[in-house]
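What follows is one structure encoded as structure tokens, with my remarks underneath.
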There are 2 protein chains.
Amino acid sequence: MRVEEEAKPPVTSRRTLKREAAMSRIRVTARELLVEQGTAAVTVSAVARRLQVTGPAIYRYYDSHEALIQAVTADFYDELIDVIAAARDAGTDAADRLLRMCRALRAWAVAHPAEYGWIFQHPATAAGMAAESAGAAAGDRFGAVFRAELARLWRNGGFPVRDTAELPQALRRQLEAYSADIVEDLPPQAVHVLLGCWIRLFGTLSLEMSGQLEFAFDDPEPVFEECLAELADRLALEYRPPRSPDQV
Amino acid sequence: MRVEEEAKPPVTSRRTLKREAAMSRIRVTARELLVEQGTAAVTVSAVARRLQVTGPAIYRYYDSHEALIQAVTADFYDELIDVIAAARDAGTDAADRLLRMCRALRAWAVAHPAEYGWIFQHPATAAGMAAESAGAAAGDRFGAVFRAELARLWRNGGFPVRDTAELPQALRRQLEAYSADIVEDLPPQAVHVLLGCWIRLFGTLSLEMSGQLEFAFDDPEPVFEECLAELADRLALEYRPPRSPDQV
DNA sequence: ACCTCCGAGTTAACGGCGATAACTTCAGTA
DNA sequence: TACTGAAGTTATCGCCGTTAACTCGGAGGT
């Protein structure tokens, strides 16, 4: 305490430092409750109880139960994005990078199903609620990781595309709009492939995570790998199985 | 009242008739609340209030809040199955039947997003809870409609398949297990196509319904139609656009 | 070094929730 | 017609989210 420890930069004063530590502890505790006992157990009172404080104390840090959930979910987003970016950076070539990213995505989802549910199947999102600013921004950052990687692939050699003149007008219009919206330089026919792959990938994962494959598959991993093989084929990349050709 | 109206068959006595009417009224009211105000508004007290009774009265009919939700969800299942069966029966040939079924599925989902959410993204299902008997049975009945239609297609001419010898062992094992589980006579290589189509179809719809396509598509209908075209191609069926070639 | 003030945390309270217990009332059944 | 059991009531419990009013201690400025 008495030692002078870089006392100069009070940009983040001790007050705010302690505050941020407390907020972090609250979010971590909320996550623990989520993982241990499910969504319904993440309650303001329960978080406070576990932190040896009374309920209203939490409101010093988060305006409402909903705000707390949003903040915790934002943590999940950040963590998932970090995991995928790390997987990408461990890759050697385009195919390796993309396969690693997709496998890292599923691995994180399987290891953290409750967190995945809060990111992608949050009731507020599903219940007709319009995409609120924070959630949409986080979703964009997440999508941007994959989009940037595909844009890179498009620059370095490209991948087979279909002429958008063949497509229905309603589809072409939206592909052109999205192509114009993004920062990457992807023409509509490349956006078509990007979104097709996106839907295949996340559609499969979404079904697995919501338990809709259990009726037929006790181990959905080979289903996901089959999906990856299809994606690689679409992108004219070489598919390579994960580790050993037979076992995960 | 005093008229003798088939007084003989008291298999369902007046007591139980009134009871079933009351239970139906409760479920209908719960659905109204769900559609009007979202999942969180479907509360025992709110249902009771709208029915001009006090809260505990509901417990005469449903053991718990959860039991009520389950019963309401079962209604949704039945309704969706009926809609799809009707669409199937309106079809003329194999391709027409299958396309009508898929379009009826999406049309119901889009018209009833909250109900769809309770069927396919119920928190109890997603929160790691094992598939409870009632839910699993309803899901099986639902899947059986599509499975039976594909089995019929398999009998009448079939569709292209891949040799299961090419597939990873973990995948082959599960395809064989599911092939043995179902009542229809579908070999593993046909089950492979069936499940692949199932995942493509429901993966796409699942993304749309959970709002995960909004970042790029304001109208996901052509995306779904593109999915149907792919499914038709896989099944060696002729794809036909819905009504007029340009508009829904 | 002191003083001030602000923020963390407290208690008390409100309304609403799911759920149970004990009671009253009334209609279907025998 | 008499009775019995179902339907519905009130009262109550514990938990939730949230707000208000208060205390207290330490960080920050002088």
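When reading the values below, keep in mind they use all heavy atoms of this one structure, side chains included, and skip hydrogens, waters and symmetry mates. The chains referred to below are lettered A, B, ... by the order of the sequence lines, with proteins before strands, and numbering in each begins at 1. This structure is a prediction, so every number in the text was calculated from the model and none was measured.
Residue A:T43 has a polar side-chain atom (N or O) positioned under 4.0 Å from OP1 or OP2 of D:dG17. At D:dT4, none of the side-chain N or O atoms of B:R15 fall inside 4.0 Å of OP1 or OP2 (strictly under the cut-off). Residue A:S45 places at least one side-chain N or O closer than 4.0 Å to OP1 or OP2 of D:dC16. B:S13 has a side-chain polar atom (N or O) that falls below the 4.0 Å cut-off from OP1 or OP2 of C:dT29. The shortest distance between the side-chain N/O atoms of A:T54 and the OP1/OP2 oxygens of C:dG9 is not below 4.0 Å. Phosphate contact (OP1/OP2 of D:dA6, side-chain N/O of B:R19, threshold under 4.0 Å): absent.
At least one side-chain heavy atom of A:R173 sits less than 4.5 Å from a side-chain heavy atom of B:D218. Side-chain contact check for A:P220 versus B:Q174: every heavy-atom pair is 4.5 Å or farther apart.
Using a 4.0 Å heavy-atom criterion, one finds that B:Y61 contacts the sugar-phosphate atoms exclusively.
Ring centers of A:F120 and A:F142: under 6.0 Å apart, within the cut-off.
Rounded to an integer number of Å, the gap from A:Q52 CD to C:dT10 C1' is 15 Å. In this structure, CG of A:L68 is placed 14 Å from P of D:dC16, rounded to the nearest angstrom. What separates NZ of B:K18 from C1' of D:dG5 is a distance of 16 Å, to the nearest Å. Going from atom CZ of B:R50 over to atom P of C:dC17 covers 13 Å, rounded to whole Å. In this structure, CZ of A:R14 is placed 16 Å from C1' of C:dG7, rounded to the nearest angstrom. One atom, NE2 of A:H65, and another, P of C:dC17, lie 16 Å apart when rounded to the nearest Å. Atom pair A:Y59:OH and D:dA20:P shows a separation of 13 Å (rounding to whole Å applied).
Of the N and O atoms on the side chains of B:Y178 and B:R147, at least one donor lies less than 3.5 Å from an acceptor on the other residue.
Judged by closest nucleotide on DNA chain C, A:R25 is the one of A:R25 and B:V44 placed further toward the 5' end.
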Extract all donor-acceptor atom pairs below 3.5 Å that involve side chains of residues 108-115 of chain B and protein atoms in other chains or at least two apart in sequence.
unit_1, atom_1, unit_2, atom_2, d
B:W108, NE1, B:E79, OE2, 2.9
B:E115, OE2, B:R31, NE, 2.9
B:E115, OE2, B:R31, NH2, 3.2

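For C:dG9, the base has a donor-acceptor partner in the side chain of A:R60 [N/O atoms by modelled type, under 3.5 angstrom].
Picking from C:dC17, C:dA19, C:dT10 the nucleotide with the shortest atom distance to the side chain of A:V53 gives C:dT10.
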